[in-house]
Asks: 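Right, I'll just put the structure down here and ask away after.
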Amino acid sequence: MKTMKALNLYGVNDLRYDDVPVPQPQAGEVLLRVRACGICGSDVPRVFTKGTYHFPTIIGHEFAGEVAEADDAELVGRRAAVFPLVPCGRCAACQTGHYAQCSHYGYYGSRQDGGMAEFLAVKKENLCFVPDGVSDAAAAMTEPSAVALHALRKSGAGLGQTLLIYGVGTIALLLAQWAQSAGVRQIILAARSQEKVAFAKRLGFDATYDVTQTDLQAVVAEATDGAGADACIEGTGASAGLEACCYAARPFGTVVTLGNPQGAMTLTQDGYWKILRKELRVLGTWNSSYQAMENDWQDALAGMESGQIAPERIITHRFPLTAYAEAFSLMHEKKALYGKVMFEI
């Protein structure tokens, strides 16, 4: 029996660099040789507090590699990113191609084994082939790039408009890149530390402000002659961000909720009044579209190839799988400023 190395989660706070069997592809699957896998912010609580849906589980859902084995010989050697959601194909959402709303889905890296391993058997339908000019590390960021593009499309922000992005994490910075390429005139980013401000400015986003030291509403008012932002995207999952977006949006503007909530989400009475009196559109966004009519994944890879976005600029740390303890400790204990932390396998 052939074995491989993988990061296997045996329980909360019990992640191991393990020898496990190389998976055997089933009908409709290929064997992917994983080349790069990012650590998502959601992987950190998955390891340290929440766990996965069963143990052990090989974690990781932001990954790319090359096809090592397939029934179709023409697929072997092709590089691909992998849409991590495995839809049931039977529910009402699946019948309309809304796979992110599937009632009975699998998910590489949490509900079933994922990409922090040398190999993974994946559905052929979940392969998104990578253009030659896109690196493995960039391709492994297709998932957050697609999520960011999906959120921007929900917001409706476009040419000549003003967009407020609350938060300066990986997806927020990818959002800002997409907005820039879409011709958004003013992109305002709200950070919660001077380190994050400096990082965003190094990426070229000069209108980034530390909300612990700056009156964000005054900044938005000055930038828009008092009108407010056309769209606001809340990327932190915190009540303060949602409140700030409701205040900053113009009348009849749009607020998109993107960040995973860290606890109860609340608004003050005045914050709620802003939704009512300005007749704001408040929209949720979840995951990304992966279907014939709208495929954020293909568009994300095309954007990387054309230079619309440059996700690799957000990577601050690269590790081999053997350094997993250092990589996860960096993020969990916030030992240093980080953007995207990437395993190269």
Side-chain angles (χ1 to χ4, degrees), residues 36-43 61-64 81-85 99-100 128 130 134-135 137-159 161-184 186-191 196 199-200 203-205 207-208 229-237 241 245 254-261 283-291 294-316 338-342:
C37 185
I39 303 178
C40 177
S42 65
D43 287 323
H61 62 269
E62 299 179 4
F63 61 96
V82 178
F83 180 59
L85 191 149
Y99 301 122
C128 202
V130 178
V134 176
S135 71
M141 293 182 68
T142 307
E143 195 269 349
S145 299
V147 169
L149 179 58
H150 193 68
L152 181 67
R153 286 171 163 166
K154 287 280 186 183
S155 78
L159 189 65
Q161 293 192 320
T162 297
L163 172 67
L164 169 66
I165 303 170
Y166 198 98
V168 189
T170 294
I171 291 175
L173 291 168
L174 288 164
L175 251 167
Q177 291 187 20
W178 281 121
Q180 200 171 53
S181 72
V184 174
Q186 295 188 108
I187 304 165
I188 301 170
L189 284 89
K196 287 285 191 179
F199 184 48
L203 294 175
F205 300 109
T208 305
D230 297 285
C232 302
I233 301 177
E234 200 299 302
T236 66
C245 288
T254 300
V255 173
V256 176
T257 56
L258 168 67
N260 291 337
L283 301 174
T285 182
W286 184 247
N287 211 304
S288 52
S289 291
Y290 188 81
Q291 54 166 296
E294 182 179 287
N295 194 314
D296 298 318
W297 282 67
Q298 290 180 353
D299 293 342
L301 286 166
M304 294 179 204
E305 183 183 28
S306 68
Q308 283 181 280
I309 62 167
E312 253 187 301
R313 296 183 64 205
I314 300 172
I315 300 173
T316 55
Y338 61 86
K340 174 55 63 179
V341 179
M342 182 69 61

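Keep in mind that the numbers below use all heavy atoms, side chains included, and drop hydrogens, waters and symmetry copies.
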Asks: Mind checking whether F83 and Y290 have parallel, tilted or perpendicular rings, split at 30° and 60°?
Replies: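 Answer is parallel, since the angle falls under 30°.
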Asks: Working to the nearest 0.5 angstrom, can you tell me the gap between S145 OG and L175 CG?
Replies: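 So the gap between those two atoms works out to 10.0 Å.
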Asks: If you round to the nearest 0.5 Å, how far is CG of L174 from CG of L152?
Replies: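 Here the interatomic distance stands at 11.5 Å.
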Asks: If you define the side chain from C-beta out and look only at heavy atoms, does anything of S288 sit under 4.5 Å from W297?
Replies: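 The answer is yes, as the side chains (C-beta and beyond) meet within the 4.5 Å cut-off.
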Asks: Do other residues, nucleotides or ligands put more than 12 heavy atoms under 6.0 Å from K196 NZ?
Replies: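 Yes, enclosed.
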Asks: How long is the gap from CD on E234 to CD1 on I165, to the nearest 0.5 Å?
Replies: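 Result: 11.5 Å between the selected atoms.
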Asks: What distance do L258 atom CG and I171 atom CD1 have between them, rounded to the nearest 0.5 Å?
Replies: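 Nearest 0.5 Å value for the CG-CD1 distance: 5.5 Å.
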Asks: Any heavy-atom pair between the side chains of M304 and T142 that's under 4.5 Å?
Replies: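 The answer is yes, as the side chains (C-beta and beyond) meet within the 4.5 Å cut-off.
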Asks: Does K340 reach the main-chain N or O of T316 with its side chain, forming a donor-acceptor pair under 3.5 Å?
Replies: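 No, because the side chain of K340 does not come within donor-acceptor range (under 3.5 Å) of the backbone of T316.
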Asks: Can you tell me how far apart CH2 (W178) and CD1 (I309) are? Round to the nearest 0.5 Å.
Replies: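 Spacing of CH2 (W178) from CD1 (I309) equals 4.0 Å.
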Asks: Which atom pair, heavy atoms only, marks the closest approach of Q180 to F205?
Replies: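 In this case the closest contact between Q180 and F205 is NE2-CE2, 3.7 Å.
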Asks: Could you check whether any side-chain heavy atom of D230 comes within less than 4.5 Å of a side-chain heavy atom of L163, counting everything from C-beta outward?
Replies: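 They are not in contact (no side-chain heavy atoms under 4.5 Å apart), so the answer is no.
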Asks: Do N260 and W286 have side chains that get closer than 4.5 Å, going by heavy atoms?
Replies: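 In contact.
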Asks: Side chains of L85 and H61: does their closest heavy-atom pair fall under 4.5 Å?
Replies: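 They are not in side-chain contact.
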Asks: Grab the two heavy atoms, one from A137 and one from I315, that are nearest each other, plus how far apart they are.
Replies: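 Smallest heavy-atom distance, with atoms named: CB-CD1, 3.9 Å.
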Asks: Tell me the closest heavy-atom pair linking Q177 and P311, and the distance in Å.
Replies: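 Reported closest heavy-atom pair: OE1-N, 4.1 Å.
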Asks: Please tell me if the side chains of C128 and Q298 come closer than 4.5 Å, counting only heavy atoms from C-beta onward.
Replies: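 They are in side-chain contact.
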Asks: Kindly say whether A231 contributes a backbone atom to a donor-acceptor pair with the side chain of T162 at under 3.5 angstrom?
Replies: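 Side chain of T162 to backbone of A231, a donor-acceptor pair under 3.5 Å: no, none is there.
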Asks: Could you check whether any side-chain heavy atom of L173 comes within less than 4.5 Å of a side-chain heavy atom of F199, counting everything from C-beta outward?
Replies: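 They are in side-chain contact.
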Asks: Where do V168 and A200 come nearest, in terms of heavy atoms and distance?
Replies: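 Reported closest heavy-atom pair: CG1-CB, 3.8 Å.
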Asks: Can you list the residues that meet the side-chain contact (heavy atoms from CB on, under 4.5 Å) rule with E294, with sequence neighbours excluded?
Replies: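 With neighbours one apart ignored, the set is H150, R153, S289, D296.
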Asks: Mind listing the closest non-hydrogen atom pair of I187 and A207 along with its distance?
Replies: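 Of all heavy-atom pairs spanning I187 and A207, the closest is O-CB, 3.4 Å.
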Asks: Flag the pair T170 / M141 as yes when at least one side-chain heavy-atom distance between them is below 4.5 Å, and no otherwise.
Replies: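 Result yes, sub-4.5 Å side-chain heavy-atom pair found.
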Asks: With sequence neighbours excluded, tell me which residues meet side chain to side chain donor-acceptor pair (under 3.5 Å) with S135.
Replies: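 Listed in chain order: E312.
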Asks: Between A36 and A140, what is the shortest heavy-atom contact and its length?
Replies: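 Between these two residues, the closest heavy atoms are O-CB, 3.6 Å.
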Asks: If I take atom CD from residue E143 and atom CG from residue N287, how far apart are they, to the nearest 0.5 angstrom?
Replies: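 Rounded to the nearest 0.5 Å, the CD-CG separation comes out at 6.0 Å.
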